[in-house]
Each structure stands twice: as C-alpha cells, then as structure tokens.
J.: 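Handing you this structure, nothing more for now.
What's counted below: heavy atoms across the whole structure, side chains too, no hydrogens, waters or symmetry copies. Predicted, not measured: the structure shown is a model, and the values here were computed from it. Below, read A as the first sequence line, B as the second, and so on, with proteins coming before strands; counting in each chain starts at 1.
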Amino acid sequence: MGCSVVWFRLDLRTEDNPALTAALARREPVLPLFIWSPEEEAPWEPGGASRWWLHHSLKSLQDQLEKLGSPLVIRRGPSLEVLRALGASHVYWNRRYEPKPMARDTRIKASLEASGIQVESFNSALLFEPWQIENGERKPFQVFTAYWKKCLREGRVEAPLPAPRKILAPRIHPPSEKLEALGLLPAAGWGAGLAASWEPGAPTALRKIRSFLGSAIKGYETERDFPSRAGTSLISPHLHFGEISPRQIWDLVHEEKVRRAHSIFLKELGWREFAHHLLYHYPHTPTEPLREKFRAFPWRKSAKDLRAWQQGQTGYPIVDAGMRQLWQTGMMHNRVRMIAGSFLTKHLRIPWQAGARWFWDTLVDADLASNTLGWQWIAGCGADAAPYFRVFNPVLQGEKFDPGGEYVRRYVPELSKLETKWIHKPWQAPAKARYVEPVVDHATARAEALEAFSSLRPHGVLEKNVSLKRY
DNA sequence: TGAAATGTTGGGGCG
DNA sequence: ACGCCCCAACATTTC
C-alpha cells in the first residue's frame, strides 16, 4: 500500500543515490524500477554502443539490488503508464537535464501528483545544478574559465550518501521484463570489441577511479594528451550512466594529496558540469549552433567524405586511428576527438551535427550535454570556441601527441611497419604503404576553410580598421 | 586544449 | 672596428 518506487534512469548505482536514500528513509517497501522508453529521448534514441553499455550496466544493477533484497523491475514505456500501473504511493527519481526527458519528467510529476501520488526528485548527476550558477548579470555563463571559477568559489559540493545495507521488497513483487527481451545488444560482432574493452557497472567504476587516483593521476596533466599512453581515467561512460557520481569522485579526490594534478582532473569534471549548464540554458544546441551567425556557414554535403571519415579512411593516420579506435572500442581518446572533429568540420566542412550523430551511435560515453559541447566547441560555433577558425594540422598534431606513432600503429595496421619519420605523413614516404591517399590536401582544405569562415565575418569590421589606418 | 605568417632581436660570420 | 647580412629564436599578429 505504502510502497515507494525508485525510478532508476541515468543513476545506475545504489551508493550516493539520493532518490533511493529518500525512499528508504520512509521505512516502507521499496520497488526499484527501470523503464526502457527510447522514444522519450531526443533528438536521438540511445545509440548502439550506449545500448550495449546499458544492457550490462542493468545486469550489474540487478545483481546489486538482488543482494540488497529488492530485485529490479524492468518495464517498457511509456513511462507515465508504467508508473501509474504500479500503484505506488510515492515515486522518487534523480533528475535529468536533457530537454525532452526533463519536460517529460515535469509532465509526469504533475500528472502523478494530481492523482495524489507523492513525487520527489533529486540531484545525483551533477556537482552543481545548472540553474544554480550565474554570472554577474544573473545570466548563464558562456566561458568555461569564468564559470568554473565561480563554481569553485561559491558552489558547495555535498558529501556522498552511504550505500544502503538492505532494501525491503514489497510483499508482492510485480513482474519484470527479461533484460534480454529489451534487445539492447547489437546483432553480432560489434559487441565483442566493446566487451573486450569495458566492464560496465558501479563496482568496476569505483575500482577504476580508486586505481586512477592512486597512481596515474600524478602524471595526468601531461600524460592525458598522449593517446597511446594510459594517462586518463576512462571513467566517462560510468559517469554518464551514473554508475558513479561526480560527488563520489570529488570526495575521493579530496582524500588524496597530489594537489595540482587533482585540480586539473577536477577541471574535466568542470567541463562536464559546464556542458550540462549550457544544455539546460540553451536546449536547442544539440542540433543548432549556439552562435547564431554560424547558421550561415557554407557547409559541404558529401556522403562519400562522411563515410571515409566514419570508417577511418581519410588518409590522415591520426584521424583514421581515432575513428577506428571508436569503432572497435566505443571510445576515442579526447585529444584525438578534437583532431578528428576538426578534420570533419574544417577540412571536410561537413556539418558538426553529422559528427555528433555518429559519435552518438558509436561512443559508449555518448552524453547529450558533453557531445554537444564538444562538437560545437571544435566546430567553432559554440561556447568558449575562440579562435573559432582554428584548424588543427593533423600531421603536426600527430607528431606532437603521438610522436612514436604507437597509437597510429595500434589502430591502423597498414602502417605498422612504417618508419616513425613518416608515420603521420605516409604519402611522403619513399616506400608506399597499402594505405589510402589523403581525401583532401591539408593546405588546400585549410585555405578553403578560412575562406568559408571569412564569409561569416561582418564586413563592417574590416572596413573600419582600414579607414583607421589611413587617417 | 592552434597554425601559419609576420615582426623583432641579437649573435656570429664576413667583407 | 664597423656595418651588413643571415638566420635562429622568440614574440606578435592574423587567419
């Protein structure tokens, strides 16, 4: 009768879970619930890599909840119908910040409350709520450094909540869909590479972050830029699915001693916060540029070039290595994301949305807020993207961040025997490797990109400068 | 969390 | 001894 439902969404953990903690505080039976409702997501349903991760993460959550005493119930949407059908007196969830799910949650809350059901929502996914941080003019920030300074100066991060010891199950446990019946796993093949690279679930997430904070974080500031080295935490997919909370990470970080490295690492959590801040305040940005004038940018349309990029066949080794790492493992090193993103949007001048869409399908850490910020940043049309006409030179970037070519050799086997001297510009090597020719010439593509950017510039600026010089 | 072009400076070679 | 040129190294500007 007095049963509480805890609706799990992107918070697939029992530790530091405010919704679960609040439900348990009622000292009534608790029904843990997951609803598969891809049609309630926008602008895209969860991608293939995300579904794979979700399947395994739910499996892990099932294990944890079963041990605690109240097994997970899995249902298919629509969410509102499912929640109504369970006949709970109280419903608890942790908030989401993407426009469509957020609007849905608001509707569901109003609807359930109108029927006398108590609903409470909590923050479990962020250090700071997106509406909590504002600039001097009481407006949202558009520059990261100013935003993060303000967070660190004025924001207060709450301590993580303890894990429950036991969850009292309802006397009659409602039936659940079989996890396998949701069809989250890819048909064949593709899942193998993901399985070889990842172990979803909260226990692994905690283990990984502890191990990272215990060792690799010392060299984080410099090592994180080299994709062939194990210099990053690889925690992003765990964070996206809420297998671990940023508060837990914040807490663990502050136990440690390596101050500078830690502030650099926390800054990356800051970017994640900033991404959610931007998505909340500018909900149109997953598909539209934040900077209005970019609507006029002369993008190219080339299915052939897009395909070459997706398949890691651009002829630029660092780009192709990244795209193939993505396909094989569901991950791309962040440095390489920037290079590959710059290549798609600047060299090929293909709309950043096409890149965002591909990443959405293939990344295990696909996250609407972070993906949107990342793509708008690299395309130059988003927040903090000055100078917006920056064009990464894939050869120089490769030589700088993969100087020994190990990363390229790992993912582009055609080049595994090539001398390091040529590894980032195989077209200049005396002995030809069996590898594609560059789809575009760097210098030409760069010049064309700059030409395209100049079309965005208001003409007045240039004329004013000229006249100032003359007099 | 760039790259490339352009400008400046200072030391060394050399007439 | 001096001016001139070259060029590397660094700084600034521009894209």
J.: What side-chain hydrogen bond (donor to acceptor under 3.5 Å, both in side chains) pairs are there with at least one residue in residues 341-356 of chain A, not counting sequence neighbours?
T.: His347(A)-His442(A)
J.: According to side-chain hydrogen bond (donor to acceptor under 3.5 Å, both in side chains), does anything in residues 212-221 of chain A pair up with another residue at least two apart or in another chain? List the pairs.
T.: Glu221(A)-Arg260(A)
J.: A side-chain contact here means heavy atoms from C-beta on lying under 4.5 Å apart; do Leu415(A) and Asp320(A) qualify?
T.: no
J.: Just distance, no hydrogens or angles: give the donor-acceptor pairs under 3.5 Å from side chains in residues 264-272 of chain A, sequence neighbours left out.
T.:
| unit_1 | atom_1 | unit_2 | atom_2 | d |
| --- | --- | --- | --- | --- |
| Glu268(A) | OE2 | Arg224(A) | NH1 | 2.9 |
| Arg272(A) | NH1 | Ala125(A) | O | 2.8 |
| Arg272(A) | NH2 | Ala125(A) | O | 3.2 |

J.: For Glu451(A), which residues count as a salt bridge (Lys or Arg N to Asp or Glu O under 4.0 Å) partner, sequence neighbours excluded?
T.: none
J.: Set out, line by line, the N/O atom pairs under 3.5 Å between protein and nucleotides 2-5 of chain B.
T.:
| unit_1 | atom_1 | unit_2 | atom_2 | d |
| --- | --- | --- | --- | --- |
| dG2(B) | OP1 | Arg335(A) | NH1 | 2.6 |
| dG2(B) | OP1 | Arg335(A) | NH2 | 3.4 |
| dG2(B) | O3' | Gln397(A) | NE2 | 3.1 |
| dA3(B) | OP1 | Gln397(A) | NE2 | 2.7 |
| dA4(B) | OP1 | Asn393(A) | ND2 | 3.0 |
| dA4(B) | OP1 | His442(A) | NE2 | 3.3 |

J.: Enumerate the residues from residues 218-236 of chain A whose closest heavy atom to DNA chain B is under 4.0 Å, giving them by residue number; use none for an empty result.
T.: none
J.: Not counting sequence neighbours, which residues clear salt bridge (Lys or Arg N to Asp or Glu O under 4.0 Å) with Glu399(A)? List them please.
T.: Lys425(A)
J.: Would you mind listing every side-chain hydrogen bond (donor to acceptor under 3.5 Å, both in side chains) that reaches into residues 41-50 of chain A, with sequence neighbours excluded?
T.: Glu41(A)-Arg96(A), Glu45(A)-Arg51(A)
J.: Please name the residue in the list Phe122(A), Phe8(A), Tyr92(A) that meets the side-chain contact (heavy atoms from CB on, under 4.5 Å) test with Asn17(A).
T.: Phe8(A)
J.: Name every donor-acceptor pair, under 3.5 Å, that has one atom in a side chain of residues 230-244 of chain A and the other anywhere in the protein, sequence neighbours excluded.
T.:
| unit_1 | atom_1 | unit_2 | atom_2 | d |
| --- | --- | --- | --- | --- |
| Ser233(A) | OG | Ile235(A) | N | 3.3 |
| Ser236(A) | OG | Asp365(A) | OD2 | 2.7 |
| His238(A) | ND1 | Glu243(A) | OE1 | 2.7 |
| His238(A) | NE2 | Lys208(A) | NZ | 3.0 |
| His240(A) | ND1 | Ala366(A) | O | 3.4 |
| His240(A) | ND1 | Asp367(A) | OD2 | 2.8 |
| His240(A) | NE2 | Ala366(A) | O | 3.3 |
| Glu243(A) | OE1 | Gly201(A) | N | 2.8 |
| Glu243(A) | OE2 | Trp53(A) | NE1 | 2.6 |
| Glu243(A) | OE2 | Ser57(A) | OG | 2.6 |
| Glu243(A) | OE2 | Gly201(A) | N | 3.2 |

J.: Check the side chains of Tyr97(A) and Glu129(A) for a donor-acceptor pair under 3.5 angstrom, ignoring hydrogens and angles.
T.: yes
J.: Send over the distance from His333(A) NE2 to dT1(B) P, rounded to a whole Å.
T.: 16 Å
J.: Dump every N/O contact between nucleotides 10-12 of chain C and the protein below 3.5 Å, one line per pair.
T.:
none

J.: For DNA chain B, which residues of residues 339-350 of chain A approach it to below 4.0 angstrom with any heavy atom?
T.: none
J.: With the threshold set at 4.0 Å, does a side-chain nitrogen-carboxylate oxygen contact exist between Glu137(A) and Lys139(A)?
T.: yes
J.: Could you tell me which residues satisfy side chain to side chain donor-acceptor pair (under 3.5 Å) with Trp52(A), sequence neighbours excluded, listed by chain and number?
T.: His56(A)
